[in-house]
Amino acid sequence: MVGQLSIGPQQGSSSGSKPSEYVIVIRDLYKTYGKVNAVDGISLRIRKGEVFAFLGPNGAGKTTTVEIIEGIRTPTKGSIQMLGVDIGRGTNKVKHRIGVLPQEFSSFDRVTVTETISFFSSLYGNKRGAKELMKLLNIEEHAKKQYQKLSGGLKQRVGIAVSLVNDPEIIFLDEPTTGLDPASRQEVWEVIRKLKARGRTVFLTTHYMEEAQELADHVAIINRGKIIAEGTVDELIENHGSGLVLTFTGIDGKLVPFLNGMGCGQVQVKGSQAVMNLKNKDQILGILELVKGSGLSYRAMNVRRSNLEEVFLKLTGKALKDEEGRQ
């Protein structure tokens with residue numbers, strides 16, 4: 001289990017937020033390289049206390065956008081306000097109020113976990129001690145290990161601890177669970193939920209669709225420098241998904257033409273599965289009755305809602321989980 005989180009007073013929920021409660025406001029943001037707009041007129045508003053997931057295929061402009069927000073790159077045009085500060089005039093006024101976990105976090109090979117966290121904590125006046133953060137990330141038993149001897153997953157958790165040393169109001173997490181096993185990934189998810197519960201805003205980039213669907217209050221999908229879809233997970237699935245997905249497994253050879261003959265939509269054959277996309281549950285009940293009456297057999301049947309990964313694939317033509325490298 002992840003350790004108890006103690007990061008200051010309870011904040012209000014992000015639901016019903018007023019415009020003044022937006023902690024990041026981006027207006028008409030551009031980043032141009034020659035004749036190419038890597039970021040092409042992006043506008044976003046991110047509320048205090050929400051988990052915001054930023055998704056995009058390789059080369060979509062995602063990393064460029066995030067680095068502009070963090071003050072690493074300078075925009076060609078547009079404005080960004082973060083925590084009420086116009087960062088076009090410099091990020092010095094907000095740097096101490098944000099935390100960043102880069103995708104390629106690294107530390108000194110022969111420095112221990114405790115020493116790594118303590119060093120970064122000292123840069124912020126020891127707002128949060130190494131012991132507290134190691135407990136939070138469940139890495140106390142590795143406190144005396146040198147960084148070079150840690151697994152990839154443990155190195156990532158050390159990086160998350162470092163991003164929290166200054167008790168930030170906004171935390172940028174770039175692929176925070178890459179390389180983690182399922183149990184460790186769940187622990188990181190719990191940390192993110194606790195950060196949200198305390199009113200912290202989490203800006204999350206991830207290539208795990210399940211992660212975005214599980215954690216995010218607000219999702220934006222970028223492709224070719226533009227925001228092509230934005231909203232809650234439910235809104236994106238409702239507006240861009242394929243409804244309900246009915247799957248028959250271990251099908252009779254005659255089942256596919258029988259299903260196609262119903263006029264409910266084209267049936268996709270995937271190995272021993274027949275898959276149908278339907279708009280409502282009433283169609284499912286009707287189909288099951290007809291199949292039962294036909295005497296045709298199948299081994300199993302499954303019904304599920306369209307998911308975020310299918311929405312992403314439909315909108316971008318690419319499966320995010322297959323993307324590699326920086327985005």
Side-chain angles (χ1 to χ4, degrees), residues 1-14 23 48-52 70 82-83 94-206 211 214-215 217:
M1 291 293 294
V2 177
Q4 293 297 309
L5 183 64
S6 175
I7 57 172
Q10 177 76 33
Q11 302 292 326
S13 168
S14 64
V23 292
K48 179 174 69 175
E50 73 178 5
V51 178
F52 171 77
E70 294 171 349
M82 184 157 53
L83 298 169
V94 293
K95 278 185 176 179
H96 64 288
R97 300 169 66 187
I98 68 173
V100 177
L101 171 68
Q103 192 178 64
E104 299 173 358
F105 171 80
S106 186
S107 184
F108 302 103
D109 285 346
R110 297 185 180 182
V111 172
T112 67
V113 171
T114 298
E115 290 168 342
T116 296
I117 299 172
S118 295
F119 169 72
F120 284 98
S121 183
S122 69
L123 299 179
Y124 290 92
N126 292 303
K127 282 192 174 182
R128 304 190 70 184
K131 186 176 293 187
E132 177 190 1
L133 290 166
M134 285 189 292
K135 183 177 181 181
L136 174 64
L137 275 298
N138 197 25
I139 54 176
E140 293 168 290
E141 64 183 287
H142 307 285
K144 296 182 180 180
K145 287 184 181 178
Q146 292 182 351
Y147 184 80
Q148 65 181 349
K149 295 181 180 180
L150 301 178
S151 67
L154 285 170
K155 289 179 178 178
Q156 195 76 338
R157 276 191 273 174
V158 172
I160 295 172
V162 167
S163 75
L164 298 175
V165 295
N166 59 323
D167 199 9
E169 297 171 58
I170 303 174
I171 304 98
F172 292 87
L173 301 178
D174 190 358
E175 311 288 358
T177 61
T178 296
L180 301 188
D181 58 65
S184 297
R185 184 173 295 132
Q186 288 287 341
E187 289 183 347
V188 173
W189 289 6
E190 187 176 344
V191 170
I192 292 172
R193 292 188 186 102
K194 287 179 181 291
L195 289 168
K196 174 191 169 182
R198 290 290 178 173
R200 273 38 179 182
T201 304
V202 179
F203 192 115
L204 173 70
T205 60
T206 178
E211 185 161 279
E214 180 72 23
L215 297 173
D217 303 293

Interatomic distance, M82 atom CE to I98 atom CD1 [nearest 0.5 angstrom] = 4.5 Å
Any Lys/Arg nitrogen of E169 or R97 sitting under 4.0 Å from an Asp/Glu carboxylate oxygen of the other?
-> yes
Nearest heavy atoms of S163 and L173, plus distance in Å = OG-CD2, 4.1 Å
In chain order, what residues pass the side-chain contact (heavy atoms from CB on, under 4.5 Å) check against K145, with sequence neighbours excluded?
-> H142, L150
Quick one: list whatever passes side-chain contact (heavy atoms from CB on, under 4.5 Å) with T114, sequence neighbours left out.
-> T112, S118, A130, M134, A143
Chi angles and distances behind the side-chain contact (heavy atoms from CB on, under 4.5 Å) call for K196, E50 = CA-CA 6 Å; K196 174 191 169 182; E50 73 178 5; 5.9 Å; no
Are a donor atom and an acceptor atom from the side chains of Q156 and T177 found within less than 3.5 Å of each other?
-> no
Listed partners of K149 passing side-chain contact (heavy atoms from CB on, under 4.5 Å), at least two apart = Q146
E115: salt bridge (charged side-chain N to carboxylate O under 4.0 Å, His left out) partners, not counting sequence neighbours = none
Sequence neighbours left out, what passes ring pair (Phe, Tyr, Trp, His ring centres under 6.0 Å) with F203? Give chain and number order.
-> F52, F54, F172
What do the steps show when you test T116 against S107 for side-chain contact (heavy atoms from CB on, under 4.5 Å), and what is the final call?
-> CA-CA 7 Å; T116 296; S107 184; 3.1 Å; yes
Side-chain ion pair, E187 and R157, N-O less than 4.0 Å = yes
Atom pair OG (S121) and CG (N166), whose distance is rounded to the nearest 0.5 Å = 9.0 Å
So, W189 versus E214: side-chain donor-acceptor pair below 3.5 Å or not?
-> no
Please, which pairs that meet ring-ring contact (aromatic ring centres under 6.0 Å, His included) have at least one residue in residues 97-120, sequence neighbours excluded?
-> none
For P176 and V188, work out which heavy atoms get closest and say how close.
-> CB-CG1, 4.4 Å
